[in-house]
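By convention in this document, chain letters (A, B, ...) are assigned in the order of the sequence lines, proteins followed by strands, and residues within each chain are numbered from 1.
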Protein chains: 2
Amino acid sequence: MAASNRTPFAILGFLTLGPMSGYDIKKLVEESTENFWSESFGQLYPALRKLTEDGLIAKQATASEGGRPRNIYSINDRGREALATWQREPTAPPPVRIELLLKLFFGEHCDRATNRKQILAYREQMVRDLERYRAIRERLHRDRSENAGLPYWLLTLRFGERDRAAHIEWCDETLAVLDELPDGGSEAGEEGNPQWQASTQTGT
Amino acid sequence: MAASNRTPFAILGFLTLGPMSGYDIKKLVEESTENFWSESFGQLYPALRKLTEDGLIAKQATASEGGRPRNIYSINDRGREALATWQREPTAPPPVRIELLLKLFFGEHCDRATNRKQILAYREQMVRDLERYRAIRERLHRDRSENAGLPYWLLTLRFGERDRAAHIEWCDETLAVLDELPDGGSEAGEEGNPQWQASTQTGT
DNA sequence: ATTTGCATGTAAAATGTTACATGATTGC
DNA sequence: GCAATCATGTAACATTTTACATGCAAAT
């Protein structure tokens with residue numbers, strides 16, 4: 001998985017929004033970047049410790065109100081610098097692993113109904129995503145209109161909207177194409193053909 | 001990474017194209033599904049051994065021509081059944097981890113030039129992908145027009161084309177938006193604002 | 001009372017990439 | 001002769017998820 005652990009940078013980014021605990025970060029991730037970037041506690045807590053050791057963030061144990069112990073982390077100047085440096089660096093292309101396409105690539109061995117069902121399920125997910133994005137957009141405009149980060153958040157949201165819309169169009173085109181194709185059926189047999197070698201490359 | 005190791009199914013899929021070695025599979029992956037599904041030797045060889053042990057494929061050691069030893073694997077009926085079963089099963093949504101969007105999400109803390117540079121680099125990659133896909137498409141039509149799998153391969157290629165085209169449009173829109181925004185600059189300071197909690201969710 | 005949420009963390013397992021070891025053969 | 005490619009495999013490392021352990025506080 002390449003030499004790249006971006007969790008520290010995600011943490012630094014969220015800490016620019018204000019001091020907070022690991023738990024807070026996790027919650028924030030879930031309600032903001034989850035659609036294109038997620039983090040689990042198993043990554044978060046070790047990374048917080050490392051960032052503290054490296055002096056990019058400061059930890060402040062709090063047991064004040066209610067007596068509930070919390071570790072509150074704040075970003076410092078070195079942390080802000082590390083964040084900015086990362087933002088200027090070349091960005092790794094996102095790794096893609098689209099199981100749907102792998103299934104469809106071998107779709108010749110399935111009956112039409114199976115292929116259709118897979119595409120339809122994917123399409124429904126895309127539609128649900130779009131509905132969710134619309135709700136998020138409305139909520140952002142309602143509750144966050146003053147925030148300086150809002151334009152950037154909206155740009156990432158727009159990415160999701162365009163992406164999903166394009167995939168829905170692909171689903172519709174694909175369904176139409178599938179209807180024109182002979183219905184295979186998954187009967188074994190036919191004997192693997194021998195002209196497989198070289199040049200079959202395909203998209204994404 | 002969730003209970004899902006799809007490598008065996010990828011292998012089974014490729015073996016439907018004919019008997020071949022692990023090395024052959026790796027080559028085929030590179031020139032066909034690499035854009036949406038890749039495999040490394042570190043996954044391939046252990047998975048081939050496991051599939052053989054489980055009786056879904058058969059291994060045949062060859063030392064024939066030239067004396068070069070090769071292990072040729074063939075899918076059998078149980079393997080074909082396992083493949084078809086997987087193709088009918090619900091498909092996990094692809095995991096997304098888009099570093100570009102994470103950077104842009106915190107773009108408020110960068111100067112405009114940095115944000116622009118990141119988007120432009122991404123756009124260039126999308127354009128290169130599209131050019132590559134066009135070459136693949138031409139090659140497929142030229143060399144593979146007889147193959148029964150071709151329509152399905154073209155569908156996965158179309159996915160990549162639509163995806164990249166949509167992302168390019170997003171890049172253009174984003175660049176226009178960035179030009180309207182005040183140029184931040186990465187100076188520390190400003191003090192993290194305190195109204196971060198709840199409702200910031202965004203797209204993809 | 002009991003569930004839900006707050007809160008921190010660790011351990012183990014799954015998954016995946018990269019680098020290495022090894023050696024044959026083919027084309028220049 | 002030498003580089004490239006064929007060919008198989010392992011080991012180490014990196015990354016990430018899931019499950020668990022632990023316990024307090026607030027709301028129903």
Notebook entry, point to check: Mind checking whether V127(A) and R164(A) have side chains closer than 4.5 Å, heavy atoms only?
Noted result: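 Contact flag for V127(A)/R164(A) side chains = no.
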Notebook entry, point to check: Considering the options H167(A), E169(A), E131(A), which one meets the side chain to side chain contact (heavy atoms under 4.5 Å, CB included) requirement together with M126(A)?
Noted result: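 That would be H167(A); it is the only one of H167(A), E169(A), E131(A) passing the side chain to side chain contact (heavy atoms under 4.5 Å, CB included) with M126(A).
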Answer yes or no: does a side-chain N or O of [X] lie under 4.0 Å from OP1 or OP2 of [N]?
X      : N       : value
S40(B) : dT18(C) : no
R70(A) : dC24(D) : no
R49(A) : dT10(C) : yes
S38(A) : dT17(D) : yes
S4(A)  : dA14(D) : no
Y23(A) : dC6(C)  : yes

Margin query: Ring centroids only, cut at 6.0 angstrom: are F14(A) and F106(B) within range, meaning strictly under it?
Written below: yes
Without decimals, in angstroms, what is the distance between [X] [atom1] and [N] [atom2]?
X      : N       : atom1 : atom2 : answer
K50(A) : dA14(D) : NZ    : C1'   : 14 Å
R6(B)  : dA14(C) : CZ    : P     : 14 Å
F41(B) : dT5(D)  : CZ    : C1'   : 11 Å
Q60(B) : dT8(D)  : CD    : P     : 13 Å
I25(A) : dC6(C)  : CD1   : C1'   : 15 Å
Y45(B) : dC6(D)  : OH    : P     : 11 Å
E34(A) : dT16(D) : CD    : P     : 14 Å
D24(A) : dG5(C)  : CG    : C1'   : 13 Å

Check: 5'-most contact on DNA chain D: G22(B) or R97(B), nearest heavy atom basis?
Finding: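 Nearer the 5' end of the strand: G22(B).
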Checklist line | Nearest-neighbour nucleotide for the Q43(B) side chain, dG9(D), dG16(C), dA7(C) considered | finding: dG16(C)
Margin query: Side chain of N71(A), heavy atoms from C-beta onward: which of dT8(C), dT8(D), dG16(C) has the nearest atom to it?
Written below: dT8(C)
Notebook entry, point to check: Relative to each other, are the rings of W153(A) and F105(B) parallel, tilted or perpendicular (30° and 60° limits)?
Noted result: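 Parallel.
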Margin query: Whether R158(A) engages the ring of W170(B) as a cation-pi pair (distance to the six-membered ring centre under 6.0 angstrom, angle to the ring normal within 45°) should be assessed.
Written below: no
